[in-house]
Amino acid sequence: MTPQSLLAAMLPLVADLARQIPPSERYRRLLDAVRRLLPADAVALLRLDGDALVPLAVDGLAPDTLGRRFLVGQHPRLQALLQAEEPLRFAPDCGLPDPYDGLVEHVHGHLPVHDCMGCALRVQDRTWGLMTLDALALSRFEAVDMQTLQSLADLAAATVAAAERMDDLALRAEEAQRRAEQYRRAAGRERTRRLVGRSAAHRALLREIALVGPSDLTVLVGGETGVGKELVVQALHAASPRAARPLVSLNCAALPENLVESELFGHVRGAFSGAVAERQGKFELADGGTLFLDEVGELPLAVQAKLLRVLQNGQLQRLGSDREHRVDVRLVAATNRDLAAEVRAGRFRADLYHRLGAYPLAVPPLRERGRDVLLLAGAFLEEQRASLGLGNVRLDAQAQQALLAHAWPGNVRELEHVLARAALRALGRHGQRPRVLSVDAEDLGLPHAPAASHAAAAAPAAPATPAAPAAAVAVAGQPLRLQVASFERLAIEQALAAQHGNWAAAARALEMDRANLVRLARRLGLAVPARNGRPGAGPGPAGPER
C-alpha cells in the first residue's frame with residue numbers, strides 16, 4: 001500500500017463526511033475502502049448496544065450476519081478488542097473461538113485457522129463499537145502497519161459520528177416538521193371553523209353579516225351563551241375592508257376590574273404597582289383593524305365613560321399618561337345580557353348602549369335552527385375524527401334523533417362538548433381502534449336520550465319518572481318542531497314550579513339568562529311577567545327579540 005493509494009481511498013471518505021448520505025451507504029463505502037487498502041477477506045462494523053455488538057455493515061460475511069447479536073461475554077475475541085487501547089492482531093495459535101466461524105463467505109463448514117485483527121471505535125470519548133478484519137491466509141496481516149489501521153479506525157469513527165449527527169439532525173428536522181404541522185393544523189382548524197347551517201334563521205344571520213360587514217358601523221352581537229358570537233365577529237371582520245388588519249379580542253368578564261382600563265387603553269411605566277414598562281392597550285394593537293369586546297356588559301361604569309370617549313373621537317390616553325393617542329378601530333361588541341335592562345338598572349350607560357348598538361345583530365339559539373344541529377354535529381365529529389386518528393365518525397339514527405330532540409340550553413358550545421365526550425365513550429367500547437366509529441344515543445349522555453339499540457336489546461326500558469319531561473316530547477304523529485316546543489314548554493313550567501314562580505331562579509336552574517327565558521316562554525305561549533310584575537302574555541322585557 002502506497003501513500004498515494006491510501007490518499008486515493010481516504011479522500012472520498014473525508015468528502016462524504018459533509019454529505020447527506022444514508023448511514024447504510026456511508027458504512028458500505030467505508031468497508032469497501034478498508035478492503036481495498038488492507039488484505040482482508042471479510043470486514044465488519046459493529047455497534048455496541050448494551051452487552052451486545054450489533055453488525056451495521058459487513059463485507060465478505062454472510063448476509064444473515066446483519067441479523068445477529070454478538071453477546072460480548074460469549075465472544076472473547078470481541079471482548080479483547082473492546083478493551084484494547086490500540087488496534088489488536090490475534091496470533092494464529094491464540095486458541096480463542098472466532099465469532100464469525102461459519103459466517104465467512106466461500107468457506108464451508110468450520111473456519112480454519114486464519115489471520116484476524118481489529119480495533120475499537122471511540123466517538124466523543126465513548127466506546128462506540130468495533131471494526132474487525134479477517135483474512136483466510138495465515139500471516140496475511142503481518143505486513144500491515146498498525147498505525148494505518150488506527151488511521152482507518154479514526155476515519156471510521158468520524159464516519160460514524162457524521163452518520164449519527166446526520167441522523168440526529170434528520171430526527172430534529174422531522175420533529176420540528178411534525179410540530180409545525182400540528183400547529184398548522186391547529187391554526188387551520190381555527191381558521192376553517194365557519195358558520196355552519198342552512199336553516200332560515202341561519203340564512204337570515206348570514207344576510208345581516210354580509211350587509212353590515214363591509215361598513216364601519218359598530219355592531220352589538222347579542223345572543224345566549226354558546227351560540228357562536230365569536231365566529232360571527234370573525235365573519236364580520238372577514239367581510240370588512242379591514243380584513244387584512246388585526247382582529248384583537250378582549251373578554252371583559254375575564255379580567256379584574258382594576259386591570260380592564262390598562263388592557264383596553266394601555267399604561268405607562270409606574271402607572272400602578274407592577275407597571276414596570278410602558279405597554280400598549282388593545283385599542284392601539286387593533287389600530288386599522290377590528291377590536292372585539294366580548295361580554296361588554298361586564299365593563300365597570302368608570303371604564304364605560306372612557307370607552308365612549310374613544311368611540312366618539314378616536315382618541316385615548318394610556319393609564320398614567322396625559323398624552324393623547326389617536327386610533328382608527330372598528331368596534332364589535334358581544335353580550336349575553338339584556339343591555340337595555342342593564343341601562344334601566346343603572347349598571348350600563350345609556351349613551352354607550354346606543355353607541356354600541358348602532359347595528360344590533362342577534363345570533364339565534366341552536367334550538368331555533370332546526371336540523372342545523374346535525375350539520376354542526378358533522379363539523380365537530382370531523383374534528384374528532386382527525387384528533388382521534390379515525391377513518392370516520394358517524395351518528396346512528398337514534399343519536400341523530402336525540403340531538404334533534406334536545407333543547408340545547410348551552411347552544412353550540414354544549415353540542416361541541418357533548419360530541420367530544422360521545423366520541424371518546426364510543427371509542428372506549430372497542431378493544432381495537434375501529435376505522436369507522438359509530439356514536440349512538442347512549443354515548444351522547446343527554447338527559448332522556450333514547451337508549452341505543454344494543455342497550456335496548458340487553459335490558460327493558462326503564463319506566464318514566466315524573467321528573468322526566470321527555471315523555472311529553474315523544475308524541476306519535478307530531479312534527480319534530482312541535483315535540484321540541486312541548487319539551488321546552490314543560491321544562492320551563494317544571495323549573496318555575498320548582499322555584500315557586502321565581503323567574504330569575506328558574507333561569508339559573510335552566511342555565512339561561514332571565515331575559516332569554518322570558519322571551520322563549522312568550523314565544524311558546526306561556527304567561528310571562530309584564531313590566532308591572534304581574535303575569536301576562538303581553539310584552540316582556542324591553543330589547544330586540546327573535
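Note that the structure is predicted; figures quoted are calculated from it, not measured. Along the sequence shown, the residues carry numbers beginning at 1.
- Between Leu415 and Ala377, the closest heavy-atom pair is CD2-N, 4.1 Å.
- Between Ala120 and Arg122, the closest heavy-atom pair is CB-NH1, 3.5 Å.
- Within the 4.5 Å cutoff, side-chain heavy atoms of Val34 are placed close to those of Met131.
- Put simply, CG on Leu247 and CZ on Phe292 are 8.5 Å apart, with the number rounded to the nearest 0.5 Å.
- At a threshold of 4.0 Å, the pair Arg36-Asp32 counts as salt-bridged, since one of the basic side-chain nitrogens sits closer than that to a carboxylate oxygen.
- Interatomic distance, Leu38 CG to Arg140 CZ, rounded to the nearest 0.5 Å: 11.0 Å.
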Yes or no on side chain to side chain contact (heavy atoms under 4.5 Å, CB included) for Leu46 and Leu56, after CA distance, side-chain angles and deciding distance? CA-CA 6 Å; Leu46 304 100; Leu56 295 186; over 6 Å; no
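- Partners of Phe283 according to the ring-ring contact (aromatic ring centres under 6.0 Å, His included) rule, which considers only residues two or more places apart in sequence or in another chain, are Phe265.
- The line from CG of Leu437 to CG of Leu388 is 7.5 Å long, rounded to the nearest 0.5 Å.
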Evaluate the side chain to side chain contact (heavy atoms under 4.5 Å, CB included) criterion for residues Glu261 and Leu264: first the C-alpha distance (whole Å), next the side-chain angles of each, then the deciding distance (0.1 Å), finally the verdict. CA-CA 5 Å; Glu261 186 175 350; Leu264 279 173; 5.9 Å; no
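- Side-chain atoms of Asp294 do not come within 3.5 Å of backbone N or O of Leu250 as any donor-acceptor pair.
- Residue pairs satisfying the ring-ring contact (aromatic ring centres under 6.0 Å, His included) criterion with at least one member in residues 138-157, sequence neighbours excluded, are absent.
- Salt bridge Asp443/Arg421: absent, no basic N to carboxylate O contact under 4.0 Å.
- Minimum interatomic distance between Phe70 and Pro99 (heavy atoms only, all atoms of both residues): CE2-O, 3.6 Å.
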Could you walk me through whether Leu366 and Val227 pass the side chain to side chain contact (heavy atoms under 4.5 Å, CB included) check? CA-CA 7 Å; Leu366 185 54; Val227 292; over 6 Å; no
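- Taking the salt bridge (charged side-chain N to carboxylate O under 4.0 Å, His left out) definition, one finds that Asp125 meets it with nothing, sequence neighbours left out.
- With hydrogens and angles ignored, the 3.5 Å screen pairs no side-chain donor or acceptor of Asp440 with any backbone N or O of Ala399.
- Sorted by first and then second residue, the pairs that involve residues 404-417 and meet side chain to side chain donor-acceptor pair (under 3.5 Å), not counting sequence neighbours, are Arg193-Glu416, Glu224-Asn411, His406-Glu414.
- For the atom pair CZ of Arg47 and OH of Tyr27, the computed distance is 8.0 Å after rounding to the nearest 0.5 Å.
- The number of heavy atoms from other shown groups lying within 6.0 Å of CZ (Arg435) does not exceed 12.
- Here the side chains of Val436 and Leu390 are not in contact, with every heavy-atom distance at 4.5 Å or above.
- Between the side chain of His75 and the backbone N or O of Leu53 there is no donor-acceptor pair closer than 3.5 Å.
- With hydrogens and angles left out, the side-chain atoms of Asp41 and His114 include no donor and acceptor closer than 3.5 Å.
- Here salt bridge (charged side-chain N to carboxylate O under 4.0 Å, His left out) pairs that include residues 52-65, with residues two or more places apart or in two chains, are Arg35-Asp59, Asp64-Arg68.
- Counting only distance, with no hydrogens or angles, the side chain of Arg69 and the backbone of Ala52 share no donor-acceptor pair below 3.5 Å.
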With side chain to side chain contact (heavy atoms under 4.5 Å, CB included) as the criterion, how do Val232 and Val221 come out once you've worked through the C-alpha distance, each side chain's angles and the decisive distance to 0.1 Å? CA-CA 8 Å; Val232 171; Val221 182; 4.3 Å; yes
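- In this structure, Ser199 OG and Arg371 CZ are separated by 12.0 Å, a value rounded to the nearest 0.5 Å.
- In this structure, Glu511 has no salt bridge (charged side-chain N to carboxylate O under 4.0 Å, His left out) partners at least two apart in sequence or on a different chain.
- The ring-ring contact (aromatic ring centres under 6.0 Å, His included) check on His202 picks up nothing, with sequence neighbours excluded.
- Residues passing the side-chain contact (heavy atoms from CB on, under 4.5 Å) test with Gln400, sequence neighbours excluded: Leu374, Leu395.
- Checked against ring-ring contact (aromatic ring centres under 6.0 Å, His included), Phe380 has no partners two or more places apart in sequence or in another chain.
- Legend: salt bridge (charged side-chain N to carboxylate O under 4.0 Å, His left out) pairs involving residues 81-91, not counting sequence neighbours, sorted by first then second residue: Arg89-Asp115.
- Of all heavy-atom pairs between Lys229 and Gly223, the closest is NZ-O, 3.2 Å.
- When the side-chain contact (heavy atoms from CB on, under 4.5 Å) test is applied to Asp154, the partners found at least two apart in sequence or on another chain are Gln150.
- Between the side chain of Thr127 and the backbone N or O of Gly129, no donor-acceptor pair lies under 3.5 Å.
- Side-chain contact between Leu45 and Thr132 is absent, with no heavy-atom pair separated by less than 4.5 Å.
- With contacts defined as side-chain heavy-atom distances shorter than 4.5 Å, the pair Val43/Val58 does not qualify.
- Between Ala402 and Leu444, the shortest heavy-atom contact is CB-CD1, 3.9 Å.
- Looking at Leu376 and Arg369, their side chains come closer than 4.5 Å, going by heavy atoms from C-beta outward.
- Neither side chain, Thr65 nor Tyr100, offers a donor N or O lying under 3.5 Å from an acceptor on the other.
- For the pair Cys116/Leu133, no side-chain contact is recorded, criterion being any heavy-atom separation below 4.5 Å from C-beta on.
- Cys119 approaches Pro87 most closely through the heavy-atom pair CB-CA, 3.8 Å.
- No donor-acceptor distance shorter than 3.5 angstrom exists from the side chain of Arg385 to the backbone of Asn392, with no hydrogens or angles considered.
- Under the side chain to side chain donor-acceptor pair (under 3.5 Å) criterion, the residue pairs touching residues 280-289 are Glu284-Arg318, with sequence neighbours excluded.
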How far apart are the C-alpha atoms of Asp396 and Ser438, what are their side-chain angles, what is the distance that settles it, and do they pass the side chain to side chain donor-acceptor pair (under 3.5 Å) test? CA-CA 6 Å; Asp396 71 10; Ser438 182; 4.9 Å; no
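- Judged by distance alone, the side chain of Arg77 and the main-chain N or O of Leu96 form a donor-acceptor pair under 3.5 Å.
- Looking at heavy atoms from C-beta onward, Leu293 lies in side-chain contact with Cys252 at the 4.5 angstrom threshold.
- To the nearest 0.5 angstrom, Asp98 atom CG is 5.5 Å from Asp134 atom CG.
- Put simply, the side chain of Thr290 does not reach to within 4.5 Å of the side chain of Val248, judged on heavy atoms.
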